[in-house]
Amino acid sequence: MSFIKIIGMGKAVPSIRVRNQDLEKTVETSDAWIRSRTGIKARHFCGKGESALSLAAAAAENALRSSAVIPAQVGLVITACVNPDCFVPSMACLVEEKLGICHGAAAFDINAACSGFIYSLQIAQALMENGSACDQAHPYALLIGTEQLSRMLNFKDRSTCVLFGDGAAAALVRLDDEAVFFSHTAARGDAGKLFAQTIGPNDMNAHYPAARTDPAASWLKMDGPGVFRFAVTALEEEIRLLEEKSGVGAGDIDYIVCHQANARIIEHVRKRRGLPKEKFFMNLQEYGNTSGASIPLALCEMMEKGMLQSGRRIFCIGFGAGLTWAGAYLTF
Ligand code: UT7
């Protein structure tokens, strides 16, 4: 059996950087509250001409460039996103159009919220290993996490609007005989109301800090403390599961890359397990919670910093709306 391996990453960061101090001017909040309760210092929002799609295409292009792979070698594109520019055609098809991937590579979107990237790793592993997607001429898959959450934020709800940001990152993966991979995905739809967007009109053209025109727009809503309790449990259970399935203890794994929602969630679990801080990469201080983009954005920055050299073994863990949660053991 062959397993997937990430061979390159690319990211796209939107142009508007919003610090906590900037939010203080319009939202009843403070830099001190946001930093102490979440660890977030800034986030990036899409400006004019930017969207989840433009970010996805830019991140995918950067992933290809960083790996010296050309679009003609790609056999599969999966985009994980909660708030796509449009539902039909899929974002993955639109990325193919933008990148000139025009030889019949499979393309589709998934929505598993903050666990989306790990779901897409699992799907890619299955499709590539059984020969349903990719072949010798097109051995690569592009797995993209992209979000424009700023379109879903209610800037009158301080309990959510300070937490989220926009962004995208893409992983280029292929089967590798030396690689080892394991993944687990899960959901509990019956707990979905803890974190939801009500079904309704969405102001598709809104750009921060544009005023919303539709008071009934479908804002993102979250029961923060309820999701916090779920997140720490999911994180701890996924670490335990990945240890069992991979045979590698958390103490021996090189890095644990968690969904970047809140530094306190990660700290809580880190302390309970008695693990060193250096094992947990965090970049939420700069991006906030970017949902499906958060784990690949962290992996991309780790790769840029030279932290993912050959031989590294990592756990990736996501948790979020749905409720969904997921874990993956990856080797580099
Ligand atoms: O991406 C999917 C996964 N998402 C998550 O994992 C998020 C999980 N939840 C969390 O990270 C945290 O629950 C939050 C960061 C959302 C909230 O932190 P908390 O410590 O659970 O705060 P809280 O909701 O219990 O609120 C505490 C207080 C309240 O005031 P009172 O009632 O004690 O007077 C809130 O009104 O903090 C107040 N508050 C704020 N104050 C200033 C809530 N938001 C803000 C704010 N600025 N932005």
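Atoms within a ligand are numbered from 1 in the order they appear, just like the ligands themselves. Everything numeric in this text was worked out from a predicted model, so none of it was measured. For the single chain, residues carry numbers from 1 onward in sequence order.
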Quiz item: Among protein heavy atoms, which lies nearest atom 25 (O) of ligand 1, and at what distance?
Solution: P225 CG, 3.7 Å
Quiz prompt | Minimum-distance protein heavy atom relative to atom 38 (C) of ligand 1 | solution = R158 NH2, 3.6 Å
Exercise. Could you find the nearest protein heavy atom to atom 4 (N) of ligand 1 and give me its residue, atom name and distance?
Key: V227 CG1, 3.5 Å
Quiz item: For atom 18 (O) of ligand 1, which protein heavy atom lies nearest, and how many Å away is it?
Solution: R264 NH1, 3.9 Å
Quiz prompt | Shortest non-hydrogen contact between R270 and L275, atoms and distance | solution = NH1-O, 2.6 Å
Quiz item: Can you find an N/O atom of R37 closer than 3.5 Å to an N/O atom of ligand 1?
Solution: yes
Quiz prompt | G320 N/O under 3.5 Å from ligand 1 N/O | solution = no
Quiz item: Between the side chains of N283 and E301, is a donor N or O closer than 3.5 angstrom to an acceptor N or O?
Solution: yes
Quiz prompt | Salt bridge R17-E286, side-chain N to carboxylate O under 4.0 Å | solution = yes
Exercise. Would you mind finding which of T29, N20, V27 brings a heavy atom closest to atom 46 (C) of ligand 1?
Key: T29
Quiz item: In the protein, what heavy atom is nearest to atom 6 (O) of ligand 1, and what distance, to one decimal place, separates them?
Solution: I265 CD1, 3.2 Å
Quiz item: Can you name the one residue among D22, N20, D166 that meets side chain to side chain donor-acceptor pair (under 3.5 Å) with R43?
Solution: N20
Exercise. Please say which of E243, E238, E236 ends up in a salt bridge (Lys or Arg N to Asp or Glu O under 4.0 Å) with R273.
Key: E243
Quiz item: Between the main-chain N or O of L53 and the side-chain N or O of D85, is there a donor-acceptor pair closer than 3.5 Å?
Solution: yes
Exercise. Could you check atom 26 (O) of ligand 1 against the protein and tell me its nearest heavy-atom contact, residue, atom and distance included?
Key: W33 CZ2, 4.4 Å
Quiz item: Which residue and non-hydrogen atom of the protein lie closest to atom 7 (C) of ligand 1, and at what distance in Å?
Solution: M222 CE, 3.7 Å
Quiz item: For ligand 1, is S159 a contact, meaning one of its heavy atoms is under 4.0 Å away?
Solution: yes
Quiz item: Do T29 and E24 get their side chains close enough for a donor-acceptor pair, meaning under 3.5 Å?
Solution: no
Quiz item: Counting only heavy atoms not in R312, do more than 12 sit closer than 6.0 Å to its CZ atom?
Solution: yes
Quiz item: Would a search of protein heavy atoms around atom 33 (O) of ligand 1 find one under 4.0 Å away?
Solution: no
Quiz item: Can you tell me which residue and heavy atom of the protein come closest to atom 11 (O) of ligand 1, and the distance to 0.1 Å?
Solution: N262 ND2, 2.7 Å
